[in-house]
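Please read the structure below before turning to the comments.
Every value quoted in this text rests on a predicted model; they were computed, and no experiment measured them. Whatever order the structure lists ligands and atoms in, that order sets their numbers, starting from 1.
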Amino acid sequence: MKIAIMTLFPEMVDGILAESILGRAQKNGLLEIRSYNIRDYTLDKHRHVDDYCYSGGAGMLMQAEPIWRCYQQVLADFGIEDQEGMDGVPVKVLYMSPQGEVFRQSTAVELSEEECLIFLCGHYEGVDERALELLHARPVSIGDYVLTGGEMPACIMIDAIARLIPGVLGNSESPVGESFTDGLLEHPQYTRPEEFMGLRVPDILLSGDHKKIEQWKLEASLARTKERRPELYEEYLATHKLPKKTKLPE
Ligand code: ADE
């Protein structure tokens, strides 16, 4: 997968994305991530990227032209002649915004199937609407709170998306069975020793009875999800058939 990040602060994303599992994936050629500094695509000698809002108010807005020119460079680097390139499929542009749809695991799964993605990070009061229109940008939010810019949301989304690309995680890091993949939070987990500070690993997990362990895991997931995320629990019950012997949480 090729990922481009259009930002005024490339240093904010470069360091984070070069480390750990995503760094390894880039070295292995599974992933290519490149940041673009929108300021490099200004035409005026002071390299201005923002201006006052026509609708008034104190805030500054990012101008459309540097974003548009930066986008043209990204398309050229992706080898896409125009927006309808890539075998007729337009390349997806995600605009980091608290006004967007909330990013979920299902969004990460959907986007992990793309060949190319572009992340547009806003700053100041936002971005001239015409830039968003021209780029067919899809606004996406990481949650109902407001940050100073889109760089951290972009890193969060890229991490969640890239780890789903086959080969990015090693076998021991597999996403199968983790929280959200099937709509429930993951059950509690334990490693050695069997007892620590008077707290014991649940007996069933030491029994070696794999069927019972599977049933325990399901029931522990249901209990945790009901307690922490009741809305996910209700959705799960409405859409899944549970084994007859399942004891539902109180
Ligand atoms: N930019 C500012 N706040 C944001 C949020 N919650 N999600 C995505 N981008 C943002």
N/O to N/O under 3.5 Å, ligand 1 against protein:
| from | atom 1 | to | atom 2 | distance (Å) |
| --- | --- | --- | --- | --- |
| ligand 1 | 3 (N) | Leu147 | N | 3.0 |
| ligand 1 | 6 (N) | Gly143 | O | 3.2 |
| ligand 1 | 6 (N) | Tyr145 | O | 2.8 |
| ligand 1 | 7 (N) | Ile142 | N | 3.0 |
| ligand 1 | 9 (N) | Ser97 | N | 3.1 |

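For Glu219 and His187, the side-chain atoms include no donor-acceptor pair closer than 3.5 Å. A side-chain donor-acceptor contact under 3.5 Å links Thr246 and Gln215.
Checked for salt-bridge contact, Arg224 and Glu227 miss the test: no charged N lies under 4.0 Å from a carboxylate O.
Residue pairs meeting the salt bridge (Lys or Arg N to Asp or Glu O under 4.0 Å) criterion with at least one partner in residues 238-250, sequence neighbours excluded, do not occur; the list is empty. Judged as a ring-ring contact (aromatic ring centres under 6.0 Å, His included), the pairs with a partner in residues 225-250 (not counting sequence neighbours) are, in order, Tyr236-His240. Sorted by first and then second residue, the side-chain hydrogen bond (donor to acceptor under 3.5 Å, both in side chains) pairs involving residues 21-31 (not counting sequence neighbours) are Arg24-Glu173.
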